[in-house]
Amino acid sequence: MRLATWNVNSVRARLDRVLAWIDRSDVDVVALQETKCKDEQFPEQAFLDLGYEVAHHGLSQWNGVALVSRVGLEDVSTSFSADVPHFGEPAVAEARAIGATCGGVRVWSLYVPNGRGLDDPHYVYKLAWLQELRSAGAGWLAQDPRAQVALVGDFNVAPTDEDVWDVDFFAGATHVSEPERAEFGSLVDAGFADVVRPYAPGPGTYTYWDYTQLRFPKRQGMRIDFVLGSPALAERVSGATIDREERKGKGASDHAPVIVELAPNA
DNA sequence: ATGACTGGCAGCGCCAGA
């Protein structure tokens, strides 16, 4: 089974690219982030025409997550916990998570809050959101240590200095701060391994490149999109790739798709 | 060339992204 995650930065603005990529990439399950639309605006029929089912969770022009699958899409949930933090005044629920069982794997498409700045309320929200995700994930594994769970998406954290093109450039910024890295580390320690890294070693291996300043052709990016697998899922991983070809050309998302190959369940 | 931000929405600037 081939499982992918991709922050598409608007599914409507680049629907043709998204569909073409799915069609040629032979992926069974795709987790999308930043669809940037409400449910009623999501172009569901185009995915159905390709032979995929879709579950989308979008509440406004911001955020938005989806799961696209041709191997089943069951038990859809739009919240990994009853206590997912909300943001703003008044506090509003955001569309940053959707989970479903696809081909026997519990897949969560996640769009972790950006944080905006270290002194911004959004940063507090980001840390709380990650903490709640870790708590939920640890709970699932406590209930079933052999659970097949994939936490995938845009984590908006660069776990190590090697995961950004220039550490000094990001000094004092989000994505690289110790508290964020600690939360990401807690998720890994809870049993969710970065299953892509062994197949996509660094340095200089990224999943995101800013649209400005020629960051992509200069190979100045960040590694912030991940597939984190539970122990039982990680055992099945036989390969992984970051498709940086898809970052090229007119109309590309600023994130590249990340694909994981899973061996048949033993 | 892999190329000098982009998307959405209100409305022809502004916020958000990271």
Side-chain angles (χ1 to χ4, degrees), chain A residues 5-18 20-21 32-43 56 58-66 86-89 92-96 109-127 129-130 153-181 183-184 204-226 241-258:
Chain A
T5 183
W6 188 13
N7 179 322
V8 291
N9 185 17
S10 175
V11 71
R12 290 177 295 168
R14 63 189 102 266
L15 181 60
D16 290 349
R17 272 190 85 129
V18 171
W21 183 84
L32 303 177
Q33 300 87 39
E34 277 211 271
T35 57
K36 287 188 170 175
C37 65
K38 300 176 184 177
D39 287 345
E40 59 266 32
Q41 298 172 309
F42 188 90
H56 177 255
L59 300 170
S60 70
Q61 73 267 42
W62 305 118
N63 316 306
V65 283
H86 293 188
F87 180 69
E89 276 300 332
V92 179
E94 297 186 317
R96 294 184 177 276
S109 179
L110 305 167
Y111 179 44
V112 177
N114 172 288
R116 297 180 185 168
L118 299 186
D119 57 354
D120 195 296
H122 209 257
Y123 180 72
V124 178
Y125 170 54
K126 179 181 194 173
L127 294 178
W129 200 96
L130 282 167
D154 178 357
F155 284 77
N156 272 323
V157 176
T160 74
D161 287 353
E162 208 174 69
D163 298 318
V164 294
W165 63 274
D166 181 2
V167 167
D168 294 333
F169 181 86
F170 292 95
T174 58
H175 295 63
V176 300
S177 74
E178 277 314 309
E180 291 164 81
R181 287 178 169 177
E183 288 298 345
F184 187 90
T205 297
Y206 308 122
T207 64
Y208 162 87
W209 299 261
D210 198 301
Y211 283 127
T212 68
Q213 304 295 125
L214 292 170
R215 293 293 181 222
F216 182 63
K218 289 178 181 170
R219 297 179 176 268
Q220 298 175 336
M222 308 174 79
R223 192 172 72 100
I224 55 177
D225 300 88
F226 297 93
T241 53
I242 298 167
D243 188 359
R244 67 185 302 287
E245 288 298 310
E246 180 54 33
R247 179 63 180 77
K248 296 178 181 179
K250 189 173 173 60
S253 169
D254 41 5
H255 295 253
V258 179

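Naming convention: chains lettered A, B, ... in sequence-line order (proteins, then strands); numbering from 1 in each chain. It should be emphasised that the depicted structure is a prediction, and the values quoted were computed from it without experimental measurement.
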*Assign A:Asp225 to base, sugar-phosphate, or nothing according to its heavy-atom contacts below 4.0 angstrom with the strands shown.*
nothing
*Just call it for A:Asn63: base, sugar-phosphate, or nothing, with non-hydrogen atoms closer than 4.0 Å on any strand.*
nothing
*A:Asp161: what forms a salt bridge (Lys or Arg N to Asp or Glu O under 4.0 Å) with it, not counting sequence neighbours?*
A:Arg181
*asked:* Quick check on contacts: within residues 161-170 of chain A, what sits under 4.0 Å from DNA chain B by heavy-atom distance?
replied: none
*For residues 114-126 of chain A, which residues have at least one heavy atom under 4.0 Å from DNA chain B?*
A:Asn114, A:Arg116
*Give the B/S/- string for nucleotides 7-14 of chain B, one per nucleotide from 5' to 3', where a protein heavy atom under 4.0 Å of the base yields B, of only the sugar-phosphate yields S, and otherwise -.*
BSS-----
_The criterion is ring-ring contact (aromatic ring centres under 6.0 Å, His included); which residues satisfy it with A:His86, sequence neighbours excluded?_
none
*Taking the side chain as every heavy atom from C-beta outward, state whether A:His56 and A:Leu32 have any pair of such atoms under 4.5 Å apart.*
no
Side chains of residues 114-122 of chain A: which donor-acceptor partners sit under 3.5 Å, not counting sequence neighbours?
{"unit_1": "A:Asn114", "atom_1": "OD1", "unit_2": "A:Arg116", "atom_2": "N", "d": "2.6"}
{"unit_1": "A:Asp120", "atom_1": "OD1", "unit_2": "A:His122", "atom_2": "N", "d": "2.7"}
{"unit_1": "A:His122", "atom_1": "ND1", "unit_2": "A:Gly115", "atom_2": "N", "d": "2.9"}

_Taking only the P atom of each, what is the distance from B:dT6 to B:dA10 in whole angstrom?_
22 Å
*If you measure from the P atom in B:dA18 to the same atom in B:dC14, how many Å do you get, rounded?*
22 Å
*Is a salt bridge present between A:Glu246 and A:Arg17, judged by a nitrogen-to-oxygen distance below 4.0 Å?*
yes
